[in-house]
K.L.:
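Shown below is the structure under consideration.
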Amino acid sequence: MSVPYVVGVDTGHTGALREADHLLRSLAAELGLPADVLGCTHHVRDGRRPHTALSFAVASRKDARAAWRRLTENPSEEPGSLVGVAFGDHRHGPAELAAGAAHAAAEHRARAGGRAVLYPGAGAVTGVLTVARLLEASAVERVTVLGSPEGPAMEAELLTRDHVRPEWRDGRLVLAAMPAAGGTLVPFEVPDPTPCCADH
């Protein structure tokens, strides 16, 4: 598998992951990225406060350069619209945001980190499906089960809750799952986590 061209984007987003997912999807559509784009969120711990940056990997240098141009040539002047962008050795935007974008792009390019939101086959992994079907229908390469040193059986059923967010680990896109009722599995990440102390 060839190394894709990766563009990192950092808006300084500090909200919930579901908001970062929405931002990533919106930006991919706005940039006109191809259907096989692999878009990830990344935790950025450097700088003044922890936040989430984004990365987009495409197979074509032309698509990556077009995204870079759209992000850097006509930046919005509205307050709160500052953005950092990184592509290869190029950086754009405020230093802290450009560094966050570079971090996201480097993690994704090395396949060492990043939580995939957009990836080939993401639309097909909904409802209930077997582990074998998940691996066959999507870019997910491996499933791990919390508390189990062994991987799941290929025929094990995964209740996706229509929310499958694999992560890059050691060069592979891996979905962390956990046991559920009736011998089934569910993705470890909950679709809409309840914020801490929500009832207080």
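Position 1 is the first residue of the sequence; numbering continues from there. Excluded from the calculations below are hydrogen atoms, water molecules and symmetry mates; all remaining heavy atoms, backbone and side chain alike, are included.
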K.L.:
Tell me the salt bridge (charged side-chain N to carboxylate O under 4.0 Å, His left out) pairs involving residues 82-98, sequence neighbours left out?
P.N.:
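Salt bridge (charged side-chain N to carboxylate O under 4.0 Å, His left out) check on residues 82-98 returns Arg48-Glu96.
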K.L.:
Rounded to the nearest 0.5 Å, how far apart are CG of Leu38 and CH2 of Trp168?
P.N.:
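Those atoms lie 5.5 Å apart.
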K.L.:
So, the side chain of Glu73 versus the backbone of Arg70: is there a donor-acceptor pair under 3.5 Å, distance only?
P.N.:
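No, Glu73 side chain to Arg70 backbone: no donor-acceptor pair under 3.5 Å.
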K.L.:
Minimum heavy-atom separation for His42 and Cys40, please, with both atom names.
P.N.:
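Reported closest heavy-atom pair: NE2-CB, 3.5 Å.
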K.L.:
Can you tell me if CZ on Arg65 sees more than 12 non-hydrogen neighbours from other groups inside 6.0 Å?
P.N.:
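Check fails, neighbour count at 12 or below.
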K.L.:
Nearest 0.5 Å please: distance from the CG atom of Leu118 over to the OG1 atom of Thr41.
P.N.:
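Rounded to the nearest 0.5 Å, the CG-OG1 separation comes out at 10.5 Å.
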K.L.:
Can you list everything that forms a side chain to side chain donor-acceptor pair (under 3.5 Å) with His103? Sequence neighbours excluded, please.
P.N.:
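Expected list: none.
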K.L.:
Are Arg142 and Thr144 side-chain neighbours, meaning at least one heavy-atom pair lies under 4.5 Å?
P.N.:
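With C-beta onward as the side chain, the pair touches.
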K.L.:
For the residue pair Tyr119 and Pro166, establish whether any side-chain heavy-atom pair is separated by less than 4.5 Å.
P.N.:
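With C-beta onward as the side chain, the pair touches.
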K.L.:
Output all residues satisfying side chain to side chain donor-acceptor pair (under 3.5 Å) with His90, sequence neighbours left out; order by chain, then residue number.
P.N.:
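His90 satisfies side chain to side chain donor-acceptor pair (under 3.5 Å) with no residue once adjacent residues are dropped.
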K.L.:
Side-chain atoms of residues 170-188: list all donor-acceptor pairs with protein atoms under 3.5 Å, sequence neighbours left out, distances to 0.1 Å.
P.N.:
residue	atom	partner	partner atom	Å
Arg172	NH2	Glu141	O	3.4
Thr184	OG1	Ala181	O	2.7

K.L.:
Name every donor-acceptor pair, under 3.5 Å, that has one atom in a side chain of residues 125-138 and the other anywhere in the protein, sequence neighbours excluded.
P.N.:
residue	atom	partner	partner atom	Å
Thr130	OG1	Arg133	N	3.0
Arg133	NH1	Glu136	OE2	2.7
Ser138	OG	Leu134	O	2.8
Ser138	OG	Val140	N	3.2

K.L.:
Do Thr14 and Thr52 come within less than 4.5 Å of each other through their side chains, counting heavy atoms only?
P.N.:
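No, side chains not in contact.
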K.L.:
Which heavy atom of Pro152 sits nearest a heavy atom of Ala156, and at what distance?
P.N.:
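The answer is CB-CB, 4.5 Å.
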K.L.:
Let me check something: do Val44 and Leu24 share a hydrophobic cluster, defined by ILVMFWY side-chain heavy atoms less than 4.5 Å apart, either directly or through other members?
P.N.:
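Cluster IDs for Val44 and Leu24 differ.
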K.L.:
Would you indicate whether His163, at its atom NE2, is surrounded by more than 12 heavy atoms from other residues, nucleotides or ligands within a distance under 6.0 Å?
P.N.:
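Correct, the count exceeds 12.
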K.L.:
Is Pro4 close to Arg111 at the side-chain level, that is, under 4.5 Å between some pair of heavy atoms?
P.N.:
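Of all side-chain heavy-atom pairs linking Pro4 with Arg111, at least one is under 4.5 Å.
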K.L.:
Check whether any side-chain heavy atom of Leu82 lies under 4.5 Å from a side-chain heavy atom of Leu97, and answer yes or no.
P.N.:
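Side chain of Leu82 against side chain of Leu97, heavy atoms only: contact under 4.5 Å found.
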K.L.:
Can a side-chain donor-acceptor contact be found between Ser55 and His108 if the only test is distance below 3.5 angstrom?
P.N.:
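His108 vs Ser55: donor-acceptor pair found between side chains.
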K.L.:
Mind listing the closest non-hydrogen atom pair of Ala53 and Ala104 along with its distance?
P.N.:
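Ala53 and Ala104 have their closest heavy atoms at CB-CB, 3.9 Å.
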K.L.:
Would you say the side chain of Asp10 lies within less than 4.5 Å of the side chain of His51, judging by non-hydrogen atoms?
P.N.:
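Yes. Closest side-chain heavy atoms under 4.5 Å.
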K.L.:
Do Phe56 and Val6 have side chains that get closer than 4.5 Å, going by heavy atoms?
P.N.:
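Answer no - side chains too far apart.
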K.L.:
How does the hydrophobic cluster around Leu17 look, that is, which other residues are in it when side-chain heavy atoms under 4.5 Å mark a link?
P.N.:
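Members besides Leu17: none; it forms no cluster.
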K.L.:
Do the charged groups of Arg115 and Glu189 touch, with an N to O distance under 4.0 Å?
P.N.:
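Salt bridge: yes.
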K.L.:
Where do Thr11 and Leu23 come nearest, in terms of heavy atoms and distance?
P.N.:
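Scanning both residues completely, I find the closest heavy atoms to be OG1-CD2, 3.6 Å.
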K.L.:
Can you find a pair of side-chain heavy atoms, one from Asp63 and one from Val37, that are under 4.5 Å apart?
P.N.:
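Side chain of Asp63 against side chain of Val37, heavy atoms only: no contact under 4.5 Å found.
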